[in-house]
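Only one structure is covered here, and it is reproduced in the block below.
Scope of the values below: all heavy atoms of this structure, side chains included, with no hydrogens, waters or symmetry mates.
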Amino acid sequence: LVHQGFYGSGIFLYDLLGSRHGAGFARHMRPDAAIEFAPQLRREGLQAGILYHDGVEDDARFTLAVLRTAMGLGALAATRVQAAAPLLDGGRAIGVTARDLATGAVLEIRATHVIDATGVWAAHPDERFAPVPGAARIVPSRGAHIVIRRDRLVAQGGMTLRIPGRVVFIIPWPNHWVIGTTDHEDERPPARPTALDEDVDELLGVVNHRMTLDLSRDDILGTYAGLRPLVGEAGGSTVKASREHKVTTDPSGVVRIGGGKYTTYRVMARDTIDATLGPEGTKA
C-alpha cells in the first residue's frame, strides 16, 4: 500500500500536468483487475496496479523534426564535422576550428557565439571540444532495450514493472514489444552504443520474475542502446544521478550544456540561449 500510494501520487501529478487530457485520470486496480489487463503477471506478490496513460515518441523522427524545424528557420546543419578547438581573439571565442571527417579538411568556422552541446562526447577527453576546468562533468549512462514479438506477451497495453530503485517498461510498438531500460555507466566510445550481455540478462530476469513468460534469448528479435549525458561524478550511481541539465560559461564565452532529457529539451534550449545572449539578447 505504501508503494501504491507513492506511485499513485506521482501519477496523479502526471495527470494534472496534462496526461488526463488524453484518456482521463489514472485509476487504481485490484490484483484481479491487473491480471485481467495482463494475464501473464505473476499473482505472487501482486498487491495492486495503477492504470495510467502515456505517450510514445520515435526518437529518430523526433530528432529529424527538430533539425528540419531549425533549418526551416535558417539554421545550417553540417554532419560528420568535428569541432576541435575554439578560435580565440583576445581570449574570446569567435568561432571554432573543425575537421571534416569525410575528407580530413580543416575548417575555420566563425560565429558570434559558440555553444558546446556535444552530449556524451563531452565525457571523453580525446573527443571533447576544448575541455576547461569548471565545466560540468558528463557521465554517460547506458540505457539498453530488447525487442520481442507482439504475440509473445499478452496484455491490453504497455506496462511499468517496479524493481528495486527504478522501473522497467514494456512498451507496445508496431507488431513488437520494446522492453527496457537499463541504467549503467558506460565509458566506451559513444558513436555506436550497444546492449551488453549483462543488459540482456538483466531485462530478461526482470520480466521473467514479474511475469510467467519464461523469455529466453531465442525470443529476442533485436537489441539497441543509447547513452544519457548525465551530470554527475564518475563511479557514482547513474540511477541516482540527477536528470537535470546544467549550463556553464567558459571564460572565453563558450557556453556548455550537459544533462537533461528529451522531455525537457525546450527548457534546455531556452536556458542555453539565455546564457549565450545574456540580458541584452533576452530583451531583444
Side-chain angles (χ1 to χ4, degrees), residues 2-11 13-14 19 26 28-29 31 33-59 139-186 193-228 230 236-243 261-263:
V2 173
H3 290 299
Q4 186 179 10
F6 175 77
Y7 284 99
S9 61
I11 290 175
L13 177 61
Y14 191 57
S19 180
H28 290 253
M29 306 166 67
I35 293 292
E36 182 179 350
F37 180 88
Q40 293 159 311
L41 280 171
R42 293 189 185 274
R43 187 172 287 274
E44 299 83 6
L46 180 62
Q47 299 179 0
I50 303 174
L51 181 65
Y52 71 101
H53 306 91
D54 205 346
V56 177
E57 57 99 358
D58 183 318
D59 55 356
V139 180
S141 166
R142 183 180 66 257
H145 303 76
I146 60 176
V147 182
I148 65 173
R149 298 191 316 273
R150 191 63 173 268
D151 61 5
R152 188 64 177 84
L153 187 155
V154 179
Q156 296 178 28
M159 285 179 283
T160 303
L161 303 179
R162 187 180 62 83
I163 59 176
R166 60 186 187 86
V167 296
V168 165
F169 297 98
I170 299 178
I171 303 169
W173 204 253
N175 301 317
H176 303 91
W177 295 101
V178 174
I179 302 174
T181 181
T182 60
D183 198 335
H184 301 292
E185 186 173 348
D186 194 320
T194 57
L196 302 182
D197 286 343
E198 62 194 63
D199 298 324
V200 173
D201 292 339
E202 177 182 338
L203 294 173
L204 289 175
V206 169
V207 176
N208 288 333
H209 178 67
R210 297 296 185 188
M211 307 188 74
T212 60
L213 288 178
D214 195 25
L215 288 179
S216 70
R217 289 175 178 269
D218 291 338
D219 294 300
I220 297 176
L221 300 180
T223 67
Y224 67 93
L227 297 173
R228 310 173 186 90
L230 303 183
S237 171
T238 55
V239 176
K240 296 180 180 180
S242 172
R243 267 51 178 173
K261 51 188 178 179
Y262 278 123
T263 49

Contacts of Asp199 meeting salt bridge (Lys or Arg N to Asp or Glu O under 4.0 Å) (sequence neighbours excluded), chain-then-number -> Arg142

Hey, can you pull the donor-acceptor pairs under 3.5 Å for the side chains in residues 202-212, sequence neighbours left out?
| residue | atom | partner | partner atom | Å |
| --- | --- | --- | --- | --- |
| Glu202 | OE1 | His184 | NE2 | 2.7 |
| Glu202 | OE2 | Arg166 | NH2 | 2.2 |
| Asn208 | OD1 | Asp214 | N | 3.1 |
| Asn208 | OD1 | Leu215 | N | 2.6 |
| Asn208 | ND2 | Leu204 | O | 3.2 |
| Asn208 | ND2 | Leu215 | O | 2.9 |
| Arg210 | NE | Arg162 | O | 3.3 |
| Arg210 | NH2 | Arg162 | O | 2.9 |
| Thr212 | OG1 | Gln40 | O | 3.3 |

Which residue pairs satisfy the salt bridge (charged side-chain N to carboxylate O under 4.0 Å, His left out) criterion with at least one member in residues 39-56, sequence neighbours excluded?
Asp32-Arg43

Roughly how far, to the nearest 0.5 Å, is CG of Asp186 from CG of Leu196?
6.5 Å

Excluding sequence neighbours, so at least two apart, what forms salt bridge (Lys or Arg N to Asp or Glu O under 4.0 Å) with Asp197?
Arg217

Quick note, side chain to side chain donor-acceptor pair (under 3.5 Å) partners involving residues 146-158, not counting sequence neighbours, are Arg149-Asp151, Arg152-Asp219

Partner residues of Asp58 under the salt bridge (Lys or Arg N to Asp or Glu O under 4.0 Å) criterion, sequence neighbours left out:
Arg61

Compare every heavy atom of Ser141 with every heavy atom of Leu230, then report the nearest pair and how far apart it is.
CD1-CB, 3.6 Å

Check step by step if side chain to side chain contact (heavy atoms under 4.5 Å, CB included) holds for Thr181 and Val168.
CA-CA 6 Å; Thr181 181; Val168 165; over 6 Å; no

Looking only at heavy atoms, which two atoms of Glu57 and Tyr262 are closest? And how far apart?
OE2-CD1, 3.5 Å

In chain order, what residues pass the side-chain contact (heavy atoms from CB on, under 4.5 Å) check against Asn175, with sequence neighbours excluded?
none

Between Ile50 and Met29, is a side chain to side chain contact (heavy atoms under 4.5 Å, CB included) present by the stated rule, with each step listed?
CA-CA 6 Å; Ile50 303 174; Met29 306 166 67; over 6 Å; no

Closest approach of Ala144 and Ala195, non-hydrogen atoms and distance?
CB-CB, 3.7 Å

Contact summary for Val154 and Pro39, nearest pair of heavy atoms
O-CD, 3.5 Å

Mark yes when over 12 heavy atoms from residues, nucleotides or ligands other than Glu36 sit less than 6.0 Å from its CD; otherwise mark no.
no

Might you work through the side chain to side chain contact (heavy atoms under 4.5 Å, CB included) test for Val147 and Thr223, ending with a clear yes or no?
CA-CA 6 Å; Val147 182; Thr223 67; over 6 Å; no

Non-neighbouring partners of His53 that pass ring pair (Phe, Tyr, Trp, His ring centres under 6.0 Å), sequence neighbours left out:
none

From Ile148 CD1 over to Leu213 CG, what is the distance, rounded to the nearest 0.5 angstrom?
6.5 Å

Residues in side-chain contact (heavy atoms from CB on, under 4.5 Å) contact with Thr160, at least two apart in sequence or another chain
Tyr52, Val167, Phe169

Set of residues satisfying side chain to side chain donor-acceptor pair (under 3.5 Å) with respect to Thr194, sequence neighbours excluded:
Arg188

Those residues at least two apart in sequence (or on a different chain) that pass side-chain contact (heavy atoms from CB on, under 4.5 Å) with Ala155 are Ala38, Leu153, Met159, Trp177

What heavy-atom pair brings Ala34 and Leu41 nearest, and what distance separates the two atoms?
O-CD1, 3.7 Å

For Leu51 and Phe37, run side chain to side chain contact (heavy atoms under 4.5 Å, CB included): C-alpha distance rounded to whole Å, both residues' side-chain angles, the deciding distance at 0.1 Å, then the answer.
CA-CA 9 Å; Leu51 181 65; Phe37 180 88; 3.7 Å; yes

So Tyr224 and Ile146, do their side chains get closer than 4.5 Å, heavy atoms only?
no

Residues passing the salt bridge (Lys or Arg N to Asp or Glu O under 4.0 Å) test with Arg228, sequence neighbours excluded, are Asp183

